[in-house]
Asks: 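Sharing a structure below in structure tokens format, with a few things to ask.
Everything quoted here is computed from the prediction, not taken from an experiment. Here is how names work: the chains are called A, B, and so on, in the same order as the sequence lines, proteins then strands, and each is numbered from 1.
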2 protein chains.
Amino acid sequence: MPAALDPKEKQAIVGRLFEMFRDHGYEGATLADLSKATSLGKSSLYHHFPRGKEQMAEAVLGQGKNFVKSAINDVAHSSESLKSRIRKIVDAFDVIYGGGQNYCLLGRLSCDGIGDDARGTLREVVELWIDAITHLARDSGMPQVRARQYGEDWFTRVQGAIIMHAATGNAGPYKRTMAALARLAKEPSA
Amino acid sequence: MPAALDPKEKQAIVGRLFEMFRDHGYEGATLADLSKATSLGKSSLYHHFPRGKEQMAEAVLGQGKNFVKSAINDVAHSSESLKSRIRKIVDAFDVIYGGGQNYCLLGRLSCDGIGDDARGTLREVVELWIDAITHLARDSGMPQVRARQYGEDWFTRVQGAIIMHAATGNAGPYKRTMAALARLAKEPSA
DNA sequence: GTCTATAAAAAGATAGAC
DNA sequence: GTCTATCTTTTTATAGAC
């Protein structure tokens, strides 16, 4: 059990690692970068993550999973009105993506050489995300198969929109993607 | 003029570099990797690309630009029927993306630390791509503003579909994205 | 134009003191 | 739990022979 410091502190450290992996990718984030970002020496990082970067990526994806579970999936399955759930979810995405200007940790790491455990968690996060949107689409009146496709395609559009912004600075696709989700609450079926 | 070998050979070398940058990203592709992939010693690579990886990435993106220009943009603006143009373009994407199983060089490098010249070329390639799809949408009967959005959003979906496949192995979004383009030829306006 | 050899820098990882 | 110091390996880059 190499963890024995305040969970709050640990979470804050993982949060800094999160930003580094998100912004620089797995290969692009060096130990020196991660050390500086956390204000911890390299040895301290190894104390908390004995298996090095690989374990740090796992922790970061675990935090991402917690976020998606609580701020996206749980909200989608809550008992609030469809409109209210969608608004909260769009807001959550806007926060984590800075209105479409940030990179996405999931998209970034999905093409990188992360370990098998991290990759498994990555898949779980994506599934939680898609399941949430599928549920919203279902509640808007779509039949199951179509709702599932909607969920997959909406995830797809978000990921692509992040790349679009990175490549050209154009945030239009991101905005339209969020607007499309909001329309689910207004149309009998989209 | 550090280039003085058969243009065909050079093109083949850049093609191998293309695959390495596409599959491993800019940071992830090491000189050792690139050397092995091209069957050229590191010194030989520096002979052809004196500024190292940065210049290699520029060459690779230049080749990508040529491809998008000739196999996508020129085709979109040709005098063939809309249906025929769309089929050729979908086929071209299927070849370069292996039916949605390959990574995309553009998406990959757009988040990496490439140099300013390479980034400029990257933007140009994306613009050629979007312009091509916009032109097809226009020809299908869409008004200009909507057609441009269609082009941007279609690029977005393709990029996202590549990430979806990388993250989960699901090629559905890629297939649906290609199918959506094909539908442009069948509907009076989509 | 390509190679072997080598240098210089950076990255990942560990030892051991405090 | 954190640090400084150190070590190993990898990566980038160059020199110089062929």
Asks: OP1 or OP2 of D/dA13 sitting under 4.0 Å from any side-chain N/O of B/Tyr46?
Replies: yes
Asks: Can you check the B/Phe49 CZ to C/dG1 P distance for me, whole Å?
Replies: 12 Å
Asks: Please answer whether the main-chain N or O of B/Gly113 pairs with a side-chain N or O of B/Glu27 as donor and acceptor at a distance below 3.5 Å.
Replies: yes
Asks: May I ask you to evaluate whether B/Lys42 reaches the phosphate of D/dT12, defined as a side-chain N or O under 4.0 Å from OP1 or OP2?
Replies: no
Asks: Expressed in angstrom and rounded to an integer, what is the separation of B/Leu31 atom CG from D/dA13 atom C1'?
Replies: 8 Å
Asks: If we check salt bridge (Lys or Arg N to Asp or Glu O under 4.0 Å) with B/Arg85, which of these qualifies: B/Asp139, B/Asp91, B/Asp74?
Replies: B/Asp139
Asks: For C/dT2, does OP1 or OP2 lie under 4.0 Å from any side-chain N or O of B/Ser43?
Replies: no
Asks: If we ignore hydrogens and angles and just use 3.5 Å, is the side chain of B/Gln63 paired with the main-chain N or O of B/Gln11 as donor and acceptor?
Replies: yes
Asks: Specify the separation, in whole Å, of atom CG of B/Leu45 and atom P of C/dT4.
Replies: 13 Å
Asks: Does B/His48 put a side-chain nitrogen or oxygen below 4.0 Å from OP1 or OP2 of C/dT2?
Replies: yes
Asks: Rounding to an integer number of Å, can you tell me how far B/Gln55 CD sits from D/dT14 P?
Replies: 12 Å
Asks: Ignoring hydrogens and angles, tell me if any N or O in the side chain of B/Thr38 forms a donor-acceptor pair with the backbone of B/Ser35 under 3.5 Å.
Replies: yes
Asks: Within this structure, what is the NZ-to-P distance between B/Lys36 and D/dT11, rounded to whole angstrom?
Replies: 11 Å
